[in-house]
Amino acid sequence: MEAKKLGLFIASLRKEKQITQAELAKRLNVTDKAVSRWERGLGFPDINTLEPLADSLGISLSELLKCEKNNEANKTSDNTDLGILASIAIAKNQRNKVIKKVFFGFSCSIVGLCAVLYAVYLFINGSWTIMFGNNGATTTFISGKIGVLPPAIILGVGSVLLLIGIYNLTHSFNTDK
């Protein structure tokens, strides 16, 4: 599908229905500038707006994607539209999976990096302090020397989380999996 051809088709149907770009944009929850870009052939509608766009223009989804109206002799069944809708649903599902994978990877990376930095801090400082109270006479301080094992465990866990996060971020756009 060519952007120019789709744009001319959308513009002709919109004008045929006597709808302004602003009215069409309002129906689709997009800006009138977006509609203008489509009609000038400078871009395509988002996959989420294809079905509402076809409904707003009074055509089927397959007609919109073919950029031509079906005449009575060339009427196709609704199976084509169902196939297109199924494809759109699959694309939305895949996009949601990618978003979740990116979020998971980003979260693991942040938590892992914080754990690694905290382990480095513990290695350098060698002690820890916990304060209970409000800095008054009843404040309780607990402090102690820390061995090598706790920071090493934190460093190991943090490194694993950081690697998992980086792996997920670098492989999140691989659609084969």
Side-chain angles (χ1 to χ4, degrees), residues 1-17 19-70 74-119 153-177:
M1 168 178 17
E2 293 180 32
K4 292 262 186 210
K5 185 177 179 183
L6 178 66
L8 291 173
F9 186 62
I10 291 172
S12 67
L13 289 173
R14 179 184 58 77
K15 290 172 185 172
E16 185 180 295
K17 293 267 185 196
I19 303 171
T20 65
Q21 286 182 345
E23 290 170 345
L24 182 60
K26 188 174 181 182
R27 290 182 188 180
L28 301 174
N29 293 323
V30 298
T31 64
D32 55 339
K33 291 178 183 178
V35 174
S36 174
R37 280 192 307 270
W38 303 339
E39 290 185 357
R40 289 181 289 143
L42 299 178
F44 291 99
D46 183 69
I47 196 166
N48 295 322
T49 60
L50 289 177
E51 188 177 7
L53 177 61
D55 289 341
S56 296
L57 297 174
I59 58 173
S60 70
L61 199 51
S62 61
E63 289 173 314
L64 177 65
L65 295 178
K66 290 178 188 174
C67 298
E68 63 181 35
K69 280 183 142 181
N70 290 335
N74 194 20
K75 280 282 185 190
T76 59
S77 66
D78 288 336
N79 290 338
T80 305
D81 281 351
L82 293 176
I84 293 169
L85 290 173
S87 298
I88 290 172
I90 290 169
K92 286 179 184 177
N93 188 19
Q94 287 175 340
R95 184 173 49 193
N96 287 340
K97 285 181 182 179
V98 168
I99 290 170
K100 287 178 184 176
K101 201 169 183 182
V102 166
F103 180 74
F104 177 74
F106 185 72
S107 299
C108 282
S109 296
I110 295 296
V111 170
L113 183 63
C114 288
V116 167
L117 292 175
Y118 183 64
I153 292 172
I154 294 171
L155 181 65
V157 170
S159 298
V160 168
L161 283 174
L162 186 59
L163 290 174
I164 289 172
I166 291 171
Y167 178 83
N168 271 295
L169 286 173
T170 58
H171 289 84
S172 61
F173 297 106
N174 185 358
T175 56
D176 295 335
K177 295 181 180 182

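Worth saying up front: this structure is predicted, and the values here are computed from it rather than measured. What's counted below: heavy atoms across the whole structure, side chains too, no hydrogens, waters or symmetry copies.
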If you measure from OH on Y118 to CD1 on I154, what distance do you get to the nearest 0.5 Å? 5.5 Å
Flag, side chain of S109 to backbone of G105, donor-acceptor distance under 3.5 Å: yes
Any side-chain heavy-atom pair from I164 and F104 closer than 4.5 angstrom? yes
State whether a side-chain donor-acceptor pair under 3.5 Å links E63 with S60. yes
In Å and rounded to the nearest 0.5 Å, what is the SG to NZ distance from C67 to K5? 5.5 Å
Are the side chains of E39 and L8 in touch, meaning some heavy atoms are under 4.5 Å apart? no
Using a 4.5 Å cut-off on heavy atoms from C-beta on, say whether the side chain of F44 contacts that of L6. yes
So that I can tick it off, tell me whether R14 and E23 are bridged by a salt bridge, with the cut-off set at under 4.0 angstrom between side-chain N and carboxylate O. no
Any C108 side-chain heavy atom under 4.5 Å of N168 side chain: no
Please report the C-alpha distance between L24 and L53 in whole Å, then the side-chain angles of each, then the deciding distance to 0.1 Å, and finally whether the side chain to side chain contact (heavy atoms under 4.5 Å, CB included) criterion is met. CA-CA 8 Å; L24 182 60; L53 177 61; 4.1 Å; yes
Could you check whether any side-chain heavy atom of R37 comes within less than 4.5 Å of a side-chain heavy atom of K33, counting everything from C-beta outward? yes
About how many Å separate OG1 of T31 and CD of Q21, when rounded to the nearest 0.5 Å? 10.0 Å
Please report the C-alpha distance between L113 and L161 in whole Å, then the side-chain angles of each, then the deciding distance to 0.1 Å, and finally whether the side chain to side chain contact (heavy atoms under 4.5 Å, CB included) criterion is met. CA-CA 8 Å; L113 183 63; L161 283 174; over 6 Å; no
OG/S56 to CD1/I10 distance, rounded to the nearest 0.5 angstrom? 11.0 Å
Residue pair I47 / R95, side-chain heavy-atom distance below 4.5 Å: yes
Show the nearest heavy-atom pair for residues V116 and S159, with the distance to one decimal. CG2-N, 3.6 Å
Between V111 and L162, is any pair of side-chain heavy atoms under 4.5 Å apart? no
One should read off an interatomic distance between D32 CG and T20 OG1, to the nearest 0.5 angstrom, of 8.5 Å
Heavy-atom pair with the smallest gap, counting every atom of L57 and K17: O-CE, 3.1 Å
Looking only at heavy atoms, the pair that brings G43 and A3 closest together is O-CB, 4.3 Å
F9 side chain reached by I59 side chain, heavy atoms, under 4.5 Å: yes
Salt bridge or not for K69 and E16, using N-O below 4.0 Å? yes
